[in-house]
Amino acid sequence: MTLTWPKRIGRRLALGFGALVTLMLLALMQAAVPLKLVGEGAERFATQDMQRLLRVQALSLQIEGVGVSFIRLLNAPRDTRVAEYADVDAQNRRIDGIIDALGNDLADAEQQETLRRLVACRAIYADAFIATVDEIEGNNAEAAARALAEQVNPALKAMLVESNALLSRERQLVEDQLANAQSMLGRIVWIMAGASALVVALAAWLGWRTTRSVVKPLARLETGAKDIAAGNYSHLIDTTGLQEVDRVGAALNTMADTVAERERQISRLAFEDALTGLPNRAALLQPDQTTTAHRNTLALLDLARLKVVNETLGYPTGDSLISALAERTNTVVRGAAADGLISPEPVLARLAGGTFAIWFGTLNRHNTQTLLEQLERAISAPVTCGGQQVDMNLVVGFADLGASGMPQTAETLLRNAEIALHAAKRSAQTHAWYSEAQEAARVGHLGLVTDLRAAVAESQLQMWLQPKFSLSTGEAIGAEALVRWQHPVRGFVSPAEFVPFAEQTGHITLVTQWMLQQAVATLARWAAPYPHLSIAVNVSTRDLQDPGFALRVKDMVSASGINPKRLRLEITESGLMEDTRQSIALLHALNEIGLPLSIDDFGTGYSSLAYLQQMPVTELKIDRSFIDKVDASPGTQRLVQAMVDMGHGLGLMVTAEGVETEAERATITSLGCDVMQGYLGSRPLHGKALQDWLDRLPSSDPPQV
Ligand code: C2E
Ligand code: CA
Ligand code: CA
C-alpha cells in the first residue's frame, strides 16, 4: 500500500498520531454500541419483565389466598364475617388490579390469550362468589359449602391454572432473556477483543510507517554527512521529499561545497606563493617534480639588498620588488622556452624572501649565458614603487647533474645551487656554477686556515691601513685596518679567500687578536703627531661569542695607554644578528671601555632596525655595492638617501665604502654621507706608501709607522 505523505515532518507525525487517535475512537465506539444495548436490556429487564413476573407471581398467590379466605369466611361466626368479607373483597380487588395491570403489558399473544382465559375464569369466579355469598347470607351453610366446593373452588382453580400458566410462561421469557443477554455479552467480548487486536495491528503498522517515513530520510542525511566527513564532497545529498530534512540536506550540500572550496584554497596555499602566485618551495620539491626525468639543472636567483629595501623603504616596496622580479623572470623564462632556447618549459618557484628557483630541463652553458643576459636586461629597469624608483640586483647560482650525470635529489641540487650562489656573492660575480672544483676549493681554503696559526706566529700577516676622509672638510679622520697574508708557498692570499673560512673554523680570533695588537701599537705611536686619527679593526662573529673578548681589549688598551676613542671596532650586521642578546651585552661592555663601534657592510646583512636602536654604535658603513655607480642610478640613490636619513636619525656617523670616482663622491656628498673610504681617497697602504701618506698629513712631528 502506498501512502502519500505530507512534505513536512510535523504534518506527517500529526497525520500518524491523528490516525491512531481516530482508530482508538472507532474502537471505543464499536464497543459502546453493544454495551449500550446490554445496558438497555438490563434496564428493561429490571423495570418491566421482572415487575411483570412478580405481578404474575403475586396473582397466583392472591388466587390461592382467596381460596383460604373463603374457607375462613365460611366458617366464621356471623359477627366476624364483615371483616372476612372485607378481606376477601380486598383480595378480589387486588386480583382485579393485577389482571388490569397485566392487560396492558403482557409480552406476547400467547400470554394475552392465557390472560383472556383467566379473565373468563374470573367472571365465573365472580358468579360463584355471589352465589356462595348468597348462601352464606342465607345461612345455608351446607349450600354455601357446596357452592364453594362446586363453583368457587373450581373457578379459582381454573384461574390458578391460567395464572400459573402465565407465571411459567413469564419465567420462561425471563430465562430466555437472561440467556440472550449472556450470549450477547459473550459476543461483545469477542467483538471487542477482535476490534482491539485490529486497532493494535493498525496502530503498529501506522506507527511503523510513520517512523520509517521520517527515519529513512534522516538515515540518508546521516549517510550524506558521513560522506562529507570522509571528504567525498562531490556526492550530494538527494532530496527526500521531507521539507525539514531537505532543508538540512541542502545546508549540508552547501557546507560540502564550501568545505571543498576551502580545501582547494588550502592546498593551493600550501603549494602556491601568496605574493607572486608562483609555486612555492614545497611545490618545487614535490616528489612528482623531482622524479620527472628532464629536470636536471637548478638555478637559484637571489634578489640582493631586499632586506635593506624592506628596512628603509618599507615592506610594501620590498614586496613590489619581489613581484616585479617574479613577473619579469617569468616572462624571460617563458619567452626562452617559446623561442626554443630552453626545453621543456622550466618551473619557476619562489622559495623565500627574494630567493627564486628555476628548474630547467636541459641547459647548456651557452644557453645559460644568453638567458642570464636576457634576465639582466629584463631587470635593469628600476621598479617604481609608490612614486619611487628602486633598482634590482640579481645574483644567480647554478647546479646541474654534473659531469658524473648521476641522478641527484632535489635537495642536493638545491644545496649545490646555494653553494654556487654564495660563491658568486663572495667573488662579487652576477652568477656562478656549482662545481666539484668549487667544493675542492672550499676544502682547500679550509686546509689553508690551519696554516693561520703559523702565519700569526711567524709574522706572515701584515696590517694594511686604508684612510677615511671627512666629506665636509676633505681631511683624513683615520683608517681601516685590513689584514694581508704573505703565504710562504702560495704567496699573497686575499682576505676574501681566507677570512670567511677562518671565521667558520674559529681561527679568525687569532687574526683579530693580532690585528688589535698592531692597531693599538700604531695608535700609541700616532698619539702625539696624529691624536685625531683613529684605526678601525674588523671584528668577526666568533670574537663576539667569546665572553673574554671585552676584557682582553680593555687590558690591551690600558696597557698601551692610548685613548680608547681612537680604536674603532667594525662589526658586520650578520655577525650582530647571530646571537643578539649576547652580542648586545658584549657591545655594551666594549662601549663602556670607551671604544666606538661601527656597523660594517650595512645593507647586505639581515639587520633589524629594532635591534640596531638598542646597540651602542656610532657609525654606519654603507656597503660598497651601494656606492658602485651610485651617481648613475636614481633607484640606488634613493636607497642610500634612506639609509643616511635612518643613520642620522639614530645619531650615527654615516660612511660610504668603496668610493672610486669623483662622481660617486659628489653624489654621496649630496646625499648627506659624512665620511668616505675608497680607492678615490686612497688604496689600503702599508710600509713606505703608508709612511709617505702620513708624511703628507699636516703634522709637526712625523711619526714612525
Ligand atoms: P671590508 O671590511 O668591507 O673591507 C673593505 C674592503 O673593501 C677591503 O677589501 C678593501 O680593500 C676594499 N676596498 C676599499 N676601497 C675600495 C674601493 O674603492 N673599491 C673596491 N672595489 N674595493 C675597495 P679587502 O682588504 O680585500 O677585505 C675584504 C674583506 O675581508 C673585508 O671587507 C673584511 O670583511 C675582511 N677583512 C679584511 N681584513 C680583516 C681583518 O683584519 N679581520 C676580519 N675579521 N676581517 C677582515
Ligand atoms: Ca670593514
Ligand atoms: Ca665594509
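All values below come from the heavy atoms of this structure, side chains included, with hydrogens, waters and symmetry mates left out. One-based numbering, in listed order, for ligands and for the atoms of each.
- None of K307, K425, R350 except one satisfies the salt bridge (charged side-chain N to carboxylate O under 4.0 Å, His left out) rule with D302; the exception is K425.
- For atom 29 (C) of ligand 1, the nearest protein heavy atom lies 4.0 Å or farther away.
- Here W485 and F492 keep their ring centres 6.0 angstrom or further from each other.
- The side chain of R484, and not its backbone, has at least one atom closer than 4.0 Å to an atom of ligand 1 (non-hydrogen atoms only; side chain from C-beta on).
- Atom 34 (O) of ligand 1 is not flagged as protein-proximal [any protein heavy atom, distance under 4.0 Å].
- In this structure, a donor-acceptor pair under 3.5 Å is absent between the side chains of R542 and T509.
- Using a cut-off of 4.0 Å between Lys/Arg side-chain N and Asp/Glu carboxylate O, E418 and R415 are scored as not salt-bridged.
- For the 3.5 Å distance criterion, the side chains of R484 and S494 fail to qualify, holding no donor opposite an acceptor.
- In terms of protein heavy atoms, atom 12 (C) of ligand 1 is closest to R624 NH1, 3.8 Å.
- Among protein heavy atoms, the minimum distance from atom 15 (N) of ligand 1 is reached at Q466 NE2, 2.8 Å.
- With ligand atoms numbered from 1 in the order given, ligand 1 contributes 17 (C), 18 (O), 19 (N), 20 (C), 21 (N) to contacts under 4.0 Å with heavy atoms of E660.
- A distance of 10.0 Å separates CG in L375 from CE in M392, rounded to the nearest 0.5 Å.
- Put simply, no part of Q677 is less than 4.0 Å from ligand 1, judged by heavy atoms.
- By the 30° and 60° cut-offs, the orientation of the rings of H431 relative to F398 is perpendicular.
- Of all the N, O or S atoms in D600, the one closest to the Ca ion (ligand 2) is OD2.
- Against a heavy-atom cut-off of under 4.0 Å, G678 is close to the following atoms of ligand 1: 15 (N), 18 (O).
- For atom 41 (O) of ligand 1, the protein comes within 4.0 Å by at least one heavy atom.
- Using a cut-off of 4.0 Å between Lys/Arg side-chain N and Asp/Glu carboxylate O, K621 and E480 are scored as salt-bridged.
- Considering backbone and side-chain atoms together, S540 places no N or O closer than 3.5 Å to any N or O of ligand 1.
- When the N, O or S atoms of E480 are ranked by distance to the Ca ion (ligand 2), OE2 comes first.
- Remark: minimum distance from atom 18 (O) of ligand 1 to any protein heavy atom is reached at Y679 N, 2.8 Å.
- No side-chain N or O of Q486 forms a donor-acceptor pair with one of Q462 less than 3.5 Å apart.
- Here's the thing with T512: none of its N/O atoms is less than 3.5 angstrom from an N/O atom of ligand 1.
- With rounding to the nearest 0.5 angstrom, the CD1 atom of I622 is 12.0 Å from the CG atom of D601.
- Interface of P684 with ligand 1, defined as ligand atoms under 4.0 Å from a residue heavy atom, comprises 11 (O).
- The shortest separation from a heavy atom of K621 to ligand 1 is not under 4.0 Å, leaving the residue out of contact.
- Contact annotation: S598 places no N, O or S atom under 3.0 Å from the Ca ion (ligand 2).
- Every N/O-N/O distance between E503 and ligand 1 stays at or above 3.5 Å.
- By the 4.0 Å N-to-carboxylate-O rule, E619 lies close enough to K468 to be salt-bridged with it.
- L482 CD2, 4.5 Å is the protein heavy atom nearest to atom 31 (C) of ligand 1.
- In summary, an N, O or S atom of E657 is located under 3.0 Å from the Ca ion (ligand 3).
- Atom CD1 of residue I358 and atom OG1 of residue T297 lie 11.0 Å apart, to the nearest 0.5 angstrom.
- Residues T317 and S320 bring no donor and acceptor atom of their side chains to less than 3.5 Å of each other.
- Near P495, meaning under 4.0 Å from any of its heavy atoms, are these atoms of ligand 1: 24 (P), 25 (O), 26 (O), 27 (O), 30 (O), 37 (C).
- Within ligand 1, counting atoms from 1 as listed, the ones closer than 4.0 Å to a heavy atom of E657 are 3 (O).
- Contacts between D600 and ligand 1, counted as non-hydrogen atom pairs separated by less than 4.0 Å, involve the side chain only.
- Atom OE1 is the N, O or S atom of E570 at the shortest distance from the Ca ion (ligand 2).
- Here the CZ-CG distance, from F626 to L671, works out to 13.0 Å after rounding to the nearest 0.5 Å.
- Residue contacts with ligand 1 do not include S494, since none of its heavy atoms lies under 4.0 Å from the ligand.
- If you look at D601 and ask which of its N, O or S atoms sits nearest the Ca ion (ligand 3), the answer is OD1.
- Within the 3.0 Å limit, D623 places no N, O or S atom next to the Ca ion (ligand 3).
- At a threshold of 4.0 Å, the pair R552-D546 counts as salt-bridged, since one of the basic side-chain nitrogens sits closer than that to a carboxylate oxygen.
- For the atom pair OH of Y434 and OG1 of T412, the computed distance is 9.5 Å after rounding to the nearest 0.5 Å.
- By the definition of a contact as any protein heavy atom under 4.0 Å away, atom 45 (N) of ligand 1 is in contact.
- Of the listed residues (D601, N538, V483, T509), the one carrying the non-hydrogen atom nearest atom 43 (C) of ligand 1 is N538.
- Under a cutoff of 6.0 Å and an axis angle of 45°, R683 and Y679 form a cation-pi pair.
- Protein heavy atom nearest atom 1 (P) of ligand 1, with residue, atom name and distance: E480 OE2, 4.0 Å.
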